[in-house]
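As a basis for the values below, the full set of heavy atoms in this structure was taken, side chains included, without hydrogen atoms, waters or symmetry mates.
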Amino acid sequence: MAKFDVGLAGLGVMGKNLALNIAGKGFAVAGYSRVPAEVIEFAKKSKAAGFKTAGFGSIKKFCQALSKPRKILMMVTAGSAVDEVIDQLLPELDDDDVIIDGGNSHFQDTIRRFLWLKGQGVRFIGAGVSGGEEGALNGPSIMPGGSPEAWETIRPVFEAIAAKAEDKRPCCAFIGPDGAGHFVKMVHNGIEYADMQMICEAYYILSEALGLSGRELQQIFSEWNKTELNSYLIEITADILSTKDHSTGKSLVEMILDTAEQKGTGKWMSQTALDMGVSLPTITEAVFARCISGLKDERVIASKILPGPEPRFSGTGQKKLVSAVYNALYAAKICAYAQGFAMMTVAAKERRWFLKLDEIAMIWRAGCIIRAKFLERIAEAFKTMPDLTNLMCAPFFKSVLEKSLADWRRVVGFSAERGIPVPALGSALAYYDSFRRERLPANLLQAQRDYFGAHTYRRIDRPGVYHTRWHEPGRPETQVK
């Protein structure tokens, strides 16, 4: 039997498209699925394209068909299914074979699998793959982490299939050990949550306050996509807004039920940020916004009970408002990315991962969902300032924030006055204002903690840790250490 270069386990939409992408770059690909229809569909597509492939419904025959060291890319649902497929593969593998998990696995699961498989003599890669169905077929952004030796084995394949930026560089780079690749993919998805929510809030302000039509909104977002806001998400927003509903003739987006679903990666990022003690308000508000959108029945009832102001803005200055929303969106977007990159900075220190933040920004320039023009600026900021702790402090982004600030404040205030919820735009502004303040009211908060729980506090005028006996006469202060 002819030997195949790469094995693809899981031939659903993403797996099938990745397999076709790999085969299209000249590699011989063996595909495996326990679903016969997926094997048949894969064979049909491959034959039509003239690729060297074969489909298998048997794990044993699938593994026997691969050249050594075997390179097996799994594209299965995150969670127990990944462990099940690994368990099925292991008896058929030899030392130094490589398993790659290309699904949306939690980075902690990837760390566990990496350590376990290392003990079995099998090398493991946890690879974040972004770009959806289209990206999988035509070129995704790939974030592999795990075994450096395994990376060198799979590197020619990944660099061949990855999206290429304008400078022709592949949007793929080794991120770091054990779960680093899936951690960075989680951060990518968290930023994606925030970016999408902020775009939706910009759309909501212009729709609710100005009553703009789908066509008018489409023109605005199309113009914005020609500026520094140029991105895949702005581009598809304009395309969505231009689409008419065939049955009603109205804008299709207005006929879609306003409840957003989620697969959990944004939630993982917020939970991880809480565990790490990292401030991630904008991304977390984007997760909460999806949660409250799901309360459709309750919101319908509340809309008839709870009072609120009239959202429509009928005064002069509508063009200025559109410009202000643009500036608010741009500034808030910077804050969302700043939060994501700050989280990677903390994770790198805690887990001793040497994350190259400039390189991460570069591999997000094409193929992935958050690809955007200003990622070049982010890469430049971290390359020229390796010790940069927060993106907002880089000269370029500081300048943008300074220019946008008045409009940003105006938009958040305008929305509050008209009862238009903008949780992501508003939390991004609060993050900015909190970060720029030398002093915050946490001094009172710490005093409260010490008052009811003897949790102690530090002073600004001398070193040490102190506790005040608040309930005693004279309220004596004691230095604890």
> Quick one, Glu38 with Ser33, criterion side-chain hydrogen bond (donor to acceptor under 3.5 Å, both in side chains). Give me CA distance, side-chain angles, the key distance, then yes/no.
CA-CA 7 Å; Glu38 291 182 352; Ser33 175; 2.7 Å; yes
> So do Pro69 and Asp94 actually touch side chain to side chain, heavy atoms under 4.5 Å?
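They are not in side-chain contact.
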> Could you check whether any side-chain N or O of Ser141 sits under 3.5 Å from a backbone N or O of Ile363, counting only pairs where one atom can act as donor and the other as acceptor?
yes
> Quick one: does Tyr193's side chain get under 4.5 Å of Met269's, heavy atoms only?
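No, too far: nothing below the 4.5 Å cut-off.
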> Under 3.5 Å, is there a donor-acceptor pair between the side chain of Arg169 and the main chain of Ala165?
no
> May I have the step-by-step check of side-chain hydrogen bond (donor to acceptor under 3.5 Å, both in side chains) for Lys185 and Asn104, ending in yes or no?
CA-CA 8 Å; Lys185 176 57 162 55; Asn104 260 336; 2.8 Å; yes
> Are any of the side-chain heavy atoms of Met186 and Met343 separated by less than 4.5 Å?
yes
> Any donor and acceptor pair, going by atom type alone, linking the side chain of Asn17 with main-chain N or O of Glu133 inside 3.5 Å?
yes
> Measuring only between side-chain heavy atoms, which start at C-beta, is Phe158 closer than 4.5 Å to Ile100?
yes
> Less than 4.5 Å apart, side chain to side chain, heavy atoms only: is that true for Leu89 and Val122?
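No, their side chains stay 4.5 Å or more apart.
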> Compute the ring centroids of Tyr337 and Phe397, then answer whether they are less than 6.0 Å apart.
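Ring centres of Phe397 and Tyr337 not closer than 6.0 Å.
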> Within the distance-only criterion (no hydrogens, no angle test), does the side chain of Glu216 pair as donor or acceptor with the backbone N or O of Ser213 below 3.5 angstrom?
yes
> Does a side chain donor of either Thr384 or Glu380 reach within less than 3.5 Å of an acceptor in the other side chain?
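There is no such pair (donor and acceptor under 3.5 Å, judged by atom type) between the side chains of Thr384 and Glu380.
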> Is there a donor-acceptor contact under 3.5 Å from the side chain of Ser404 to the main chain of Leu401?
no
> Do Glu285 and Tyr431 have side chains that approach each other closer than 4.5 Å (heavy atoms only, starting at C-beta)?
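They are not in side-chain contact.
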> According to the interplanar angle, ranging from 0 to 90°, do the rings of Trp364 and His188 count as parallel (below 30°), tilted (30 to 60°) or perpendicular (above 60°)?
perpendicular
> Could you tell me whether Lys226 and Glu223 have a side-chain N and a carboxylate O separated by less than 4.0 Å?
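The answer is yes: the pair qualifies as a salt bridge.
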> Just wondering, do Leu217 and Val253 contact through their side chains at under 4.5 Å, heavy atoms?
no
> Tell me whether Lys164 contacts the main-chain N or O of Ala162 through its side chain, where contact means a donor paired with an acceptor under 3.5 Å.
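Yes: the side chain of Lys164 pairs with the backbone of Ala162.
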> Please test Leu137 against Leu20 for side-chain contact (heavy atoms from CB on, under 4.5 Å), starting from the C-alpha separation and ending with a verdict.
CA-CA 7 Å; Leu137 183 62; Leu20 293 172; 3.9 Å; yes
> Mark yes or no for whether Thr284, through its side chain, and Pro281, through its backbone, hold a donor-acceptor pair below 3.5 Å.
no
> Ring pair (Phe, Tyr, Trp, His ring centres under 6.0 Å) with Trp224: which of Tyr326, Tyr203, Tyr330?
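Looking at Tyr326, Tyr203, Tyr330, the match for Trp224 under the ring pair (Phe, Tyr, Trp, His ring centres under 6.0 Å) is Tyr326.
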> Between the side chains of Arg365 and Asp167, is the shortest nitrogen-to-carboxylate-oxygen separation below 4.0 Å, so that they form an ion pair?
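Yes, Asp167 and Arg365 are salt-bridged.
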> Take the angle between the ring planes of Trp151 and Phe174 and call it parallel below 30°, perpendicular above 60°, tilted in between.
parallel
> State the CD-OG1 distance between Gln108 and Thr110, to the nearest 0.5 angstrom.
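Between atom CD of Gln108 and atom OG1 of Thr110 there are 9.0 Å.
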> Quick one: is the NZ or CZ of Arg377 closer than 6.0 Å to the six-membered ring centre of Phe396, and within 45° of its axis?
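That pair qualifies as a cation-pi contact.
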> Checking Gln197 against Glu201 for the side-chain hydrogen bond (donor to acceptor under 3.5 Å, both in side chains) test, could you report, in this order, the C-alpha distance in whole Å, the side-chain angles of both residues, the deciding distance, and whether it holds?
CA-CA 6 Å; Gln197 177 63 27; Glu201 290 174 15; 2.9 Å; yes
> Any donor and acceptor pair, going by atom type alone, linking the side chain of Asn230 with main-chain N or O of Asn225 inside 3.5 Å?
yes
> Give, for atom CG of Leu405 and atom OH of Tyr432, the distance between the pair rounded to the nearest 0.5 Å.
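It comes to 4.5 Å.
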> Less than 4.0 Å between a side-chain N and a carboxylate O, is that true for Arg409 and Asp433?
yes
> Taking the side chain from Asp5 and the backbone from Ala28, do they hold a donor-acceptor pair closer than 3.5 Å?
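Checking the backbone N and O of Ala28 against the side chain of Asp5, a donor-acceptor pair under 3.5 Å is found.
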> If we check side-chain hydrogen bond (donor to acceptor under 3.5 Å, both in side chains) with Asp97, which of these qualifies: Arg70, Arg123, Lys68?
Arg70
> Just wondering, do Arg155 and Pro144 contact through their side chains at under 4.5 Å, heavy atoms?
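No - every pair of side-chain heavy atoms lies 4.5 Å or more apart.
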> If we ignore hydrogens and angles and just use 3.5 Å, is the side chain of Gln262 paired with the main-chain N or O of Lys267 as donor and acceptor?
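No; zero donor-acceptor contacts below 3.5 Å.
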> Salt bridge between Arg112 and Asp83, side-chain N to carboxylate O under 4.0 Å?
yes
> If every non-hydrogen atom of Ile199 is compared with every non-hydrogen atom of Leu233, which pair is closest and at what distance?
CD1-CB, 3.6 Å
